[in-house]
Amino acid sequence: MATARQIAEALREIGVLLELKGENPFKVRAYENGARAVEQVGDAIVDRYRDGALGEVKGIGQALQEKIGAFIESGHIPLLDQLRAEHPPGLLELLAIPGLGPKRVREIHDMLGVASISELEYACKENRLRLIKGFGEKLQAKVLDGIRFIRASAGRKLISDVWPRAVELREQVAGLPGVERCDIAGSLRRRRETVKDIDLTVASSHPEQTVGLIARLKGIEELTGHGPTKVSFRLKGGLAADVRIVEPGQYAFLLQHMTGGMEHNAALRGHAKSLGLRLSEYGLFRGEELIPAGSEAEIYAALGMDFIPPEMREGRGEIEAALEHRLPRLIEDGDLRGAFHNHTNWSDGANSIEEMAAAAEAKGLRYFHISDHSRAAVYANGLDVERLSAQLDEIHEVQKRHPKLRILTGIEVDILKDGGLDLPGDILSRLDVVIASVHSRFGQSREEMTERLVRAASHPHVDILGHPTGRLLLGREPYDFDFDAVARAAAANHTALELNANPHRLDLEPDLLRRAKQAGARIAINADAHSREGLDDLPLGVATARRGWLEKTDIVNTWPIEEVLAYFQR
DNA sequence: GCCGTTTTCGGCCCGACTGTTTTCAGTCG
């Protein structure tokens with residue numbers, strides 16, 4: 001069966017190929033918008049199609065309905081097949097090179113016959129790119145540089161790897177003379193799971209002077225752009241950064257602009273325009289008249305809407321919600337009372353039960369759940385029945401020394417290939433909270449994997465489904481299964497779905513969190529800590545929950561522990 | 001290609017910077 005992911009991918013590819021072909025940019029955008037709309041609806045898009053209700057989805061008109069229908073029925077879209085036949089597949093990867101967009105890629109292909117990154121690299125080295133009109137020596141060098149960059153890093157990095165460096169850079173800039181404010185903006189501020197670069201905003205009483213100072217900061221390897229209001233550079237280690245500087249009175253507008261995301265800003269400016277206003281990083285204008293704002297909240301208020309938290313600014317319906325005053329009240333860091341899913345040195349964790357408990361207590365948590373691996377996870381020194389029983393005794397002892405912290409017993413039990421569990425029911429029934437996770441056989445068919453997960457989520461002893469999609473950021477794709485079916489099973493059986501806060505996972509991702517909530521499922525924000533420091537990942541989990549529009553009540557570990565256990569038991 | 005309490009046609013966000021041009025196209029976010 002067709003999945004939302006596949007449909008969106010196909011529409012997106014049509015958009016890119018049309019762009020390459022030189023089509024009307026608004027038509028191109030319509031396909032991109034359609035892809036996003038499909039992703040938001042999720043796999044239920046197939047039901048919408050069967051019900052003849054596809055046209056009710058905003059962004060999907062007559063033409064896209066036909067294409068989606070064709071894909072669902074046959075797995076093919078004639079237009080896409082035709083476009084693929086017209087364009088060598090390697091052209092798409094050329095678009096990833098900084099400085100090359102559709103126009104130039106097309107020109108390179110038509111003039112030089114280049115159709116892949118390797119061919120382009122060769123052409124640059126032979127000095128042939130310069131032969132094309134409008135291309136010069138610098139552009140050729142930039143393209144070669146871009147090819148090297150792509151090969152080295154594949155472009156994106158984990159937010160956890162970039163964040164500390166961004167904080168450091170912000171401190172450096174904030175300390176410069178004349179700088180009144182400096183903030184981390186862009187995808188970092190929106191807490192995207194992976195980011196491409198660091199965006200900083202600066203308020204300065206002497207912008208041009210500040211630009212010069214920033215360009216000479218320590219740690220800069222190479223300046224890549226330099227104008228009166230903007231500096232771009234690459235830091236040692238390869239990370240790119242963009243810094244924009246304005247006068248203090250314009251700062252709120254710059255921060256809003258630089259925080260993005262692109263779709264959010266486009267929609268916001270479109271709304272401003274419908275009010276007869278014009279919004280840019282320099283201000284909100286009625287004609288020539290500036291409507292002043294000292295904060296982002298004042299900008300949104302001037303546009304007739306509630307303040308939209310940065311994590312929600314992804315063009316996912318937040319502007320409509322803010323206009324109608326129905327934004328959710330997002331969960332906050334301080335709302336977490338406890339943490340499930342933590343490992344110790346009984347399996348593959350680095351610290352003892354005692355050390356982990358002390359760390360949890362220091363974080364102000366009121367309950368803390370130990371869940372080491374089960375026996376099938378041989379690589380992780382998983383526990384069999386005997387060792388698990390022995391661990392329960394030790395937990396009992398540690399509990400005596402920590403009267404203020406409720407230590408919960410448990411296990412992260414492997415879900416076997418058929419959806420059964422790796423430990424017998426009588427031992428599971430002795431535990432406070434049981435997490436079930438898939439750690440093997442990721443390549444099962446969609447039907448098998450769906451059945452496997454639905455069965456696990458419905459198991460009477462299972463309380464939480466661990467890292468439900470199995471994705472590893474920049475590493476492994478999620479396994480193929482019907483998420484909504486699993487979410488429904490979880491909701492019906494009072495099994496929480498995990499939001500694994502480990503920066504390599506962040507699983508569930510925001511779209512799926514919203515779909516989980518729609519299905520009535522509850523979420524557990526879990527550190528999956530393998531050491532004391534692992535507990536520091538919890539705020540990233542909260543940020544991801546915020547990106548998924550979740551409120552305090554949606555998250556089980558914001559509840560008192562008695563309520564959580566009662567929920568799991570029912 | 002989509003969309004509409006301004007519109008079923010005529011819009012569709014806005015500006016910075018680069019590299020190549022003598023006034024601007026392309027890319028980027």
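Below, read A as the first sequence line, B as the second, and so on, with proteins coming before strands; counting in each chain starts at 1.
Comparing B/dG19, B/dG29, B/dG15 by their closest approach to the side chain of A/E281 singles out B/dG15. With B/dA16, B/dC13, B/dC14 as the candidates, the nucleotide lying closest to the side chain of A/S280 is B/dC14. When each of B/dT27, B/dG1, B/dC17 is scored by its nearest atom to the side-chain atoms of A/P102, the top-ranked nucleotide is B/dT27. Of the candidates B/dG26, B/dG29, B/dC17, B/dG26 carries the atom nearest the A/R104 side chain, counting heavy atoms from C-beta on. Picking from B/dG1, B/dG26, B/dG19 the nucleotide with the shortest atom distance to the side chain of A/L64 gives B/dG1.
Per the geometry, NE2 belonging to A/H264 stands 18 Å off P belonging to B/dG29, to the nearest Å. Summarising the geometry, the separation between CD1 on A/I14 and C1' on B/dG1 is reported as 11 Å, rounded to the nearest angstrom.
Checking the phosphate oxygens (OP1, OP2) of B/dC2, no side-chain nitrogen or oxygen of A/Y31 falls inside 4.0 Å. One finds a side-chain N or O of A/K196 lying less than 4.0 angstrom from the OP1 or OP2 phosphate oxygen of B/dG29. A sub-4.0 Å separation between OP1 or OP2 of B/dG15 and a side-chain N or O of A/R269 is absent. Not one side-chain nitrogen or oxygen of A/R244 sits closer than 4.0 Å to the OP1 or OP2 atom of B/dG15.
Using a 4.0 Å heavy-atom distance criterion, A/P25 is classed as making no nucleic acid contact. Nucleic acid contact class of A/G227 (heavy atoms, under 4.0 Å, all strands): sugar-phosphate only. Nucleic acid contact for A/I97: sugar-phosphate only, since backbone atoms but no base atoms lie under 4.0 Å from a heavy atom of the residue. Within the 4.0 angstrom heavy-atom criterion, no nucleotide atom of any strand lies near A/L268.
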Protein-nucleic acid N or O pairs under 3.5 Å, nucleotides 3-7 of chain B:
| from | atom 1 | to | atom 2 | distance (Å) |
| --- | --- | --- | --- | --- |
| B/dC3 | OP1 | A/G59 | N | 2.4 |

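In this structure, a donor-acceptor pair under 3.5 Å is present between the side chains of A/E86 and A/Q82. Side chains of A/D43 and A/T3: no donor on one and acceptor on the other come within 3.5 Å. When only modelled atom types and interatomic distance are considered, A/H87 and A/R106 share no side-chain donor-acceptor pair under 3.5 Å.
Counting only residues at least two apart or in different chains, salt bridge (Lys or Arg N to Asp or Glu O under 4.0 Å) contacts with residues 45-54 of chain A comprise A/R50-A/E73.
Annotation for A/E9: atom CD does not count as buried by contact number, only 12 or fewer foreign heavy atoms lying within 6.0 Å.
By the 30° and 60° cut-offs, the orientation of the rings of A/H264 relative to A/Y300 is tilted.
Judged by distance alone, with hydrogens and angles left aside, the side-chain atoms of A/R192 form no donor-acceptor pair with the main-chain N or O of A/I159 at under 3.5 Å.
For B/dG1, its base sits under 3.5 Å from the side chain of A/N24 at one donor and acceptor pair at least.
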